[in-house]
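Remember, predicted model here, so these are calculated numbers, not experimental data.
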2 protein chains.
Amino acid sequence: MASTKETIVLLGDELIRKKGYNAFSYADISKQLNVKNAAIHYHFPTKPDLADAVVDFHTDSFNRFTEKASSRNEADQIKMFLNFYASIQLSGKLCVIGSFAGDWNSMDNEIQEKVTEFTEHVLSWITETLEKGKEKELLSFNAPARIEAMKILTNMCAGTQLARITGSNDFTEIKNSILHEIIN
Amino acid sequence: MASTKETIVLLGDELIRKKGYNAFSYADISKQLNVKNAAIHYHFPTKPDLADAVVDFHTDSFNRFTEKASSRNEADQIKMFLNFYASIQLSGKLCVIGSFAGDWNSMDNEIQEKVTEFTEHVLSWITETLEKGKEKELLSFNAPARIEAMKILTNMCAGTQLARITGSNDFTEIKNSILHEIIN
DNA sequence: GTCTATATGTTGATAGAC
DNA sequence: GTCTATCAACATATAGAC
């Protein structure tokens with residue numbers, strides 16, 4: 001059973017990634033909880049406080065994901081990562097990274113640093129997974145692993161954005177093409 | 001000499017791609033022109049009207065770009081396209097497509113359709129340029145041209161976003177890696 | 001500890017002055 | 001034709017009630 005505070009983080013996350021940080025207000029959350037908007041300020045005094053908690057939530061989620069994926073081989077792990085983005089796309093959200101990047105100049109330094117740390121964390125995981133997969137000859141790619149990781153991440157990140165514009169099918173094609181090119 | 005109306009479009013475009021559609025206000029523009037915010041409403045009655053004009057501006061710009069690039073071979077044209085994104089990145093902006101995608105659910109149907117049209121237009125140009133370049137054996141890639149085009153576009157689009165978070169150098173590495181992989 | 005009533009500023013937009 | 005004075009709605013946030 002999620003606490004009110006946890007529910008607010010989940011709703012805030014959904015709003016940030018569906019509407020954008022600047023487009024949502026505390027009223028959007030308070031209406032869903034049948035309280036006044038000021039009640040949200042009790043749990044998260046300022047909007048940046050909530051954004052902060054949302055980034056923490058994603059850090060925890062990603063750690064749970066990598067933990068869960070760690071029992072599989074590297075090709076499967078990359079596949080799981082891309083499928084995770086497919087579920088983001090289907091739910092009409094963007095990934096945190098792309099969402100915060102768009103509103104980057106509205107974010108204070110503390111959140112920027114937290115998002116940077118999260119992004120480097122994700123990039124490191126992809127990079128290491130690609131490297132191990134290449135060693136085991138499960139994966140193939142020409143660029144240095146970190147650059148390949150950035151290309152995959154930007155494909156996924158902007159893939160969910162492009163899908164809003166040109167349709168869900170385009171995301172699927174990008175995803176399948178990546179898998180086809182790197183999995184032996 | 002740009003008219004006031006043209007200047008407003010340029011300032012609006014810069015604000016949309018630097019701060020985001022929902023983060024900027026008419027006051028941001030009016031301050032720079034030393035008028036009251038309501039003066040902007042004379043030229044563009046509503047914010048969507050301005051967004052509309054910004055998309056038109058980009059359609060015209062892109063058409064000028066392809067016209068100018070058409071005298072070069074296909075490898076050079078792709079290089080010019082990626083360099084165009086490099087200049088966006090250096091100026092601290094995002095591309096229109098990624099910027100509007102983030103605020104997609106705040107846009108009305110008319111603008112969404114215009115952005116969709118613009119995006120398909122850009123994708124078509126990349127696709128055709130890739131196809132011609134492959135025929136002439138100037139370019140190499142395995143995926144169908146439109147999918148390769150989407151991968152390049154998403155690399156560039158989210159590359160400018162990633163660069164805000166992890167630094168300008170990462171964009172350059174993505175760009176160089178793409179060119180290295182597709183240019184013979 | 002959790003919420004509501006309330007304040008203060010900013011937003012997009014209208015009506016009307018020059 | 002171009003702009004300013006002004007407004008109603010909404011934003012974030014504080015002080016204080018229960």
Side-chain angles (χ1 to χ4, degrees), chain A residues 1-55 99-100 102-112 114, chain B residues 1-56 99-100 102-112 114-115:
Chain A
M1 192 60 187
S3 68
T4 306
K5 194 159 186 172
E6 287 165 339
T7 307
I8 292 170
V9 173
L10 292 176
L11 289 172
D13 171 52
E14 184 168 19
L15 286 161
I16 285 172
R17 295 193 291 141
K18 274 191 178 164
K19 299 181 65 174
Y21 179 75
N22 286 304
F24 93 95
S25 80
Y26 272 22
D28 293 324
I29 297 174
S30 62
K31 275 175 203 160
Q32 294 195 58
L33 296 178
N34 280 310
V35 291
K36 301 294 161 189
N37 76 76
I40 312 301
H41 283 278
Y42 164 68
H43 297 281
F44 299 97
T46 70
K47 215 180 172 188
D49 288 329
L50 177 54
D52 216 77
V54 166
V55 181
S99 183
F100 276 88
D103 286 320
W104 194 248
N105 297 321
S106 309
M107 316 305 296
D108 61 35
N109 224 264
E110 198 187 325
I111 297 168
Q112 287 184 346
K114 213 162 212 169
Chain B
M1 193 58 188
S3 69
T4 305
K5 193 159 188 170
E6 285 166 339
T7 306
I8 292 170
V9 174
L10 291 176
L11 289 172
D13 171 52
E14 184 167 20
L15 285 161
I16 285 172
R17 295 194 290 141
K18 275 192 176 162
K19 299 181 66 175
Y21 178 76
N22 286 304
F24 94 93
S25 80
Y26 272 23
D28 293 325
I29 297 175
S30 63
K31 276 174 201 158
Q32 294 193 58
L33 296 178
N34 282 309
V35 290
K36 300 296 161 187
N37 77 75
I40 312 301
H41 282 279
Y42 164 68
H43 297 282
F44 297 97
T46 71
K47 216 180 171 189
D49 288 330
L50 177 53
D52 215 77
V54 167
V55 181
D56 283 340
S99 182
F100 277 87
D103 287 319
W104 194 248
N105 296 322
S106 309
M107 315 305 295
D108 62 35
N109 222 264
E110 197 188 325
I111 297 167
Q112 287 184 347
K114 213 163 210 168
V115 173

Kindly write out the residues that satisfy ring pair (Phe, Tyr, Trp, His ring centres under 6.0 Å) with A:Phe44, not counting sequence neighbours, or none if the list is empty.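 If we apply the ring pair (Phe, Tyr, Trp, His ring centres under 6.0 Å) test to A:Phe44, skipping adjacent residues, there are no hits.
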Rounded to whole angstroms, how far apart are [atom1] on [X] and [atom2] on [N]?
X: A:Ile40; N: C:dT4; atom1: CD1; atom2: P; value: 9 Å
X: A:His43; N: D:dA13; atom1: NE2; atom2: P; value: 16 Å
X: A:Leu33; N: C:dT4; atom1: CG; atom2: P; value: 11 Å
X: B:Lys5; N: D:dT2; atom1: NZ; atom2: P; value: 9 Å

Mind checking whether [X] and [Y] have side chains closer than 4.5 Å, heavy atoms only?
X: B:Arg17; Y: B:Val54; value: no
X: B:Asn105; Y: A:Phe24; value: no
X: B:Asp103; Y: B:Ile16; value: no

Determine yes or no for a side-chain-to-main-chain donor-acceptor pair under 3.5 angstrom, with B:Lys47 supplying the side chain and B:Tyr21 the backbone.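 Checking the backbone N and O of B:Tyr21 against the side chain of B:Lys47, a donor-acceptor pair under 3.5 Å is found.
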With no hydrogens and no angle check, is any side-chain donor or acceptor of B:Glu6 less than 3.5 Å from a backbone partner on B:Ser3?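 Yes, B:Glu6 side chain to B:Ser3 backbone: donor-acceptor pair under 3.5 Å.
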Value rounded to 0.5 Å, distance of CG in A:Leu15 from CD1 in A:Ile8: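 These two atoms lie 11.5 Å from each other.
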Detail all sub-3.5 Å separations between protein N/O atoms and N/O atoms belonging to nucleotides 9-13 of chain C.
from	atom 1	to	atom 2	distance (Å)
C:dG12	OP1	B:Phe24	O	3.3
C:dG12	OP1	B:Lys47	NZ	2.9
C:dG12	OP2	B:Tyr26	N	3.3
C:dA13	OP2	B:Lys47	N	2.9
C:dA13	N7	B:His41	NE2	2.9
C:dA13	N6	B:Asn37	OD1	3.2

Looking at residues 8-20 of chain A, who's got a heavy atom less than 4.0 Å off DNA chain C?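 Close to the strand, none.
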So which protein nitrogen or oxygen atoms get under 3.5 Å of nucleotides 16-18 of chain D's nitrogens or oxygens?
none

B:Lys18 atom NZ: more than 12 heavy-atom contacts under 6.0 Å: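 Buried by this count: over 12 neighbours within 6.0 Å.
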B:Ala23: what forms a side-chain contact (heavy atoms from CB on, under 4.5 Å) with it, not counting sequence neighbours?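 A:Asn22, A:Ser106, B:Lys19.
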Could you pull out all residues at least two apart from A:Thr46 that satisfy side-chain hydrogen bond (donor to acceptor under 3.5 Å, both in side chains)?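 Partners of A:Thr46 by the side-chain hydrogen bond (donor to acceptor under 3.5 Å, both in side chains) criterion, ordered by chain and then number, come out as A:Asp49.
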Could you walk me through whether B:Ile29 and B:Val35 pass the side chain to side chain contact (heavy atoms under 4.5 Å, CB included) test, one step at a time? CA-CA 9 Å; B:Ile29 297 175; B:Val35 290; over 6 Å; no
Does a nitrogen or oxygen in the side chain of A:Tyr42 sit under 4.0 Å from OP1 or OP2 of C:dC3?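 Checking C:dC3 against A:Tyr42, no side-chain N or O comes under 4.0 Å of OP1 or OP2.
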